[in-house]
Structure formats: C-alpha cells, structure tokens
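Report on the structure given below.
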Amino acid sequence: MPQKIKQLIKELERAGFVNRGGKGSHRNFVHQKVAKPVTVSGKIGADALRYQEKDVKKAIKESKK
C-alpha cells in the first residue's frame, strides 16, 4: 500500500530537510548535504507515487553520508 504525501513530508523533515516552497501543490525540500532538491507534488492526503517514495528514500540516504 503506498504511503501518503503527508508521510513523505514528515520523513523528509525528520531527516533535516527544509521546505523552501514551490508553486501549486509542489514542495521543494533542500538539505545542505544533498546536491539536488527533492520535489514532492500532490495534495497532502493523496497517495504517493512509487517514484516519489524512491526519490525521498534516496535523498534521505544521501543526507546521512
């Protein structure tokens, strides 16, 4: 069962990412140790897509190096 967008955002914030805003339903999260920002799009209660879950996990892993 896919995670919700809200859960992905919580995971990013717990890992030290900061929401720098975005347009519409897009949110850009940045971290000083991660080269590229992570973009999470969609309404808070919507199911996250598989690529979004993978991008978030990859960015969190990279931030811990």
Side-chain angles (χ1 to χ4, degrees):
M1 186 162 168
Q3 292 182 325
K4 298 291 184 184
I5 297 293
K6 185 177 188 176
Q7 292 170 321
L8 294 182
I9 292 170
K10 282 183 183 180
E11 287 179 23
L12 285 168
E13 289 174 343
R14 264 189 252 125
F17 284 79
V18 178
N19 184 357
R20 73 164 197 209
K23 284 189 171 186
S25 66
H26 290 71
R27 297 159 204 85
N28 296 303
F29 290 87
V30 294
H31 191 282
Q32 64 187 39
K33 292 183 180 179
V34 180
K36 292 174 119 181
V38 180
T39 302
V40 178
S41 62
K43 294 182 180 180
I44 295 289
D47 289 340
L49 299 173
R50 183 174 224 153
Y51 79 89
Q52 291 173 317
E53 292 179 7
K54 288 171 75 176
D55 288 348
V56 167
K57 285 181 185 177
K58 182 179 174 185
I60 291 172
K61 187 176 180 181
E62 186 178 338
S63 73
K64 293 180 180 179
K65 289 184 179 180

Looking at every heavy atom in both [X] and [Y], which two are closest together, and how far apart are they?
{"X": "Ala48", "Y": "Leu8", "value": "CB-CD1, 3.4 Å"}
{"X": "Leu12", "Y": "Val40", "value": "CD1-CG2, 3.9 Å"}
{"X": "His26", "Y": "Thr39", "value": "CD2-CG2, 3.8 Å"}
{"X": "Gly45", "Y": "Lys4", "value": "O-CD, 3.2 Å"}

Is there a side-chain contact between His31 and Val18 in this structure, where contact means two heavy atoms from C-beta onward sitting under 4.5 Å apart?
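No, their side chains stay 4.5 Å or more apart.
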
Indicate yes or no: at least one non-hydrogen side-chain atom of Arg27 is less than 4.5 angstrom from one of Ile5.
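Touching, per the 4.5 Å side-chain cut-off.
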
Distance from Phe29 atom CZ to Ile9 atom CD1, nearest 0.5 Å?
4.5 Å

Between the main-chain N or O of Gly21 and the side-chain N or O of Asn28, is there a donor-acceptor pair closer than 3.5 Å?
yes

Residues 51-65 vs side-chain hydrogen bond (donor to acceptor under 3.5 Å, both in side chains), sequence neighbours excluded, gives Ser41-Gln52

